[in-house]
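The block underneath contains the structure these notes are about, expressed in structure tokens.
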There are 2 protein chains.
Amino acid sequence: MPTPEKIIYDPNPPVDPRVETLVNELIGRVADKWTLLVLEELEDHGTCRFTELSRRVPGISQKMLTQTLRQMERDGLVVRTVHPVVPPKVEYCLTDLGHSLGEAFCGVWVWAEANLERVARARMAFDARG
Amino acid sequence: MPTPEKIIYDPNPPVDPRVETLVNELIGRVADKWTLLVLEELEDHGTCRFTELSRRVPGISQKMLTQTLRQMERDGLVVRTVHPVVPPKVEYCLTDLGHSLGEAFCGVWVWAEANLERVARARMAFDARG
DNA sequence: TCCCTATACTCTCCAAAAGAAAGTAGGCAC
DNA sequence: GTGCCTACTTTCTTTTGGAGAGTATAGGGA
């Protein structure tokens, strides 16, 4: 006999599971540490060059910056403009979509700033409990 | 002679760089794929047991679920309640802090749902350009 | 002439993180 | 005894990430 498959009452509105999967994937893609930090820099400083970003985003490697920017470009979050000069000059800026994502993340930045202390205290308490 | 250290005008309000570093760290910690998905499940379904979560969060391994829950507990986002019975029973639920983070992320879920199509189209266009 | 600089990558190598799968504890039903 | 149940660990393999060197090209200086 197959597993009887418990019926659990779900108080939430029925959502197409395929949409949910896609949303989860997109969240996983976009809620990435480096994507967030790059997004924030471009929000704050507008159009930036590659080296400028690598200086501004603390701790990012060139490899990850390139990779992150490519993915963001593919997802339609940034535009990449190449100026055919020597030495090379490439500029990145947010699209409307990228900007709207930045706004969506605004609440998280505010939360982080507001709750730094609480998290720090929670960690100390946890670590003290062993 | 040391590098002359270009002076760039920064239009943003001066923020203590130490605070910024801490916020960045916290964002990196909290804006993690699995943390987000677990947070969302606990928001939607309230208190959950370990196995329930591992069933609900698509694709998570037991190792990552344990690890994610531990970190969330350390950060004060969830409470872990052990019922000393056999077989073991452990329940997880969000704290106020966890709940507030869930609300902060709400905008991102809404954004993802609203912009799935745009991202999909952007990707197709990008891939078509080669 | 040769060398150096600047920029935006790209490549290679190694360490760290994540995933898959099997193992563990310890009562309980059979 | 055998096997089951849950919430983990442990081990092993694969993937990912970071450090650092290499690349192309034009202009400037010795």
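The figures here come from the full heavy-atom set of this structure, side chains too, leaving out hydrogens, waters and symmetry mates.
- Following chains of ILVMFWY side-chain contacts shorter than 4.5 Å, one cannot reach Phe126(A) starting from Leu69(B), and the two form parts of different hydrophobic clusters.
- Side-chain contact between Trp109(B) and Ile27(A): present, with at least one pair of heavy atoms (C-beta onward) separated by less than 4.5 Å.
- Separation of atoms CG (Leu65(B)) and CE (Met72(B)) is listed at 10.0 Å; rounding is to 0.5 Å.
- Spacing between atom CG of Asp32(A) and atom P of dA17(C) amounts to 15 Å, rounded to whole angstrom units.
- Leu65(A) has its CG atom 10 Å from the P atom of dA8(C), to the nearest Å.
- Listed by chain and residue number, Ser100(B) satisfy the side chain to side chain donor-acceptor pair (under 3.5 Å) test with Trp111(A) (two or more places apart in sequence, or in another chain).
- Relative orientation of the Tyr92(A) and Phe50(A) rings is tilted, given thresholds of 30° and 60° on the angle between their planes.
- Comparing the helix axis at one end of the helix from dT1(C)-dA30(D) to dC30(C)-dG1(D) with that at the other, each defined from 5 consecutive pairs, gives an inter-axis angle of 30° (nearest 10°).
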Can you list the steps and then say if Val82(B) with Arg80(B) is a side chain to side chain contact (heavy atoms under 4.5 Å, CB included)?
CA-CA 7 Å; Val82(B) 182; Arg80(B) 179 168 177 272; 3.8 Å; yes
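- Within residues 67-81 of chain A, the residues that have a heavy atom under 4.0 Å from DNA chain C are, in order of number, Arg70(A), Arg80(A).
- For the OP1/OP2 pair of dA7(D) and a distance below 4.0 Å, the side-chain nitrogens and oxygens of Thr51(B) include at least one atom meeting the criterion.
- A straight line from NZ of Lys89(B) to C1' of dG26(C) spans 18 Å, rounded to a whole angstrom.
- Distance check, rounded to the nearest 0.5 Å: CG of Leu53(A) to NE2 of His45(A) gives 9.5 Å.
- Atom CZ of Phe50(A) and atom C1' of dT10(C) are 10 Å apart (whole Å).
- Per the geometry, CD belonging to Glu52(B) stands 16 Å off C1' belonging to dC5(D), to the nearest Å.
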Can you list the steps and then say if Leu77(B) with Val30(B) is a side chain to side chain contact (heavy atoms under 4.5 Å, CB included)?
CA-CA 10 Å; Leu77(B) 303 175; Val30(B) 125; 4.1 Å; yes
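- For Arg49(B) and dC8(D), the CZ to C1' distance is 13 Å, given to the nearest whole Å.
- Listed by chain and residue number, nothing satisfies the side-chain contact (heavy atoms from CB on, under 4.5 Å) test with Val86(A) (two or more places apart in sequence, or in another chain).
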Short heteroatom pairs, N/O only, protein and nucleotides 19-25 of chain C, under 3.5 Å:
from, atom 1, to, atom 2, distance (Å)
dG19(C), OP2, Trp34(B), NE1, 3.3
dG19(C), N7, Lys63(B), NZ, 3.1
dG19(C), O6, Lys63(B), NZ, 2.7

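- For residues 86-105 of chain B, no pair satisfies salt bridge (charged side-chain N to carboxylate O under 4.0 Å, His left out), with sequence neighbours left out.
- One distance of note links CG of Asp75(A) with CZ of Arg70(A); it measures 13.5 Å at 0.5 Å rounding.
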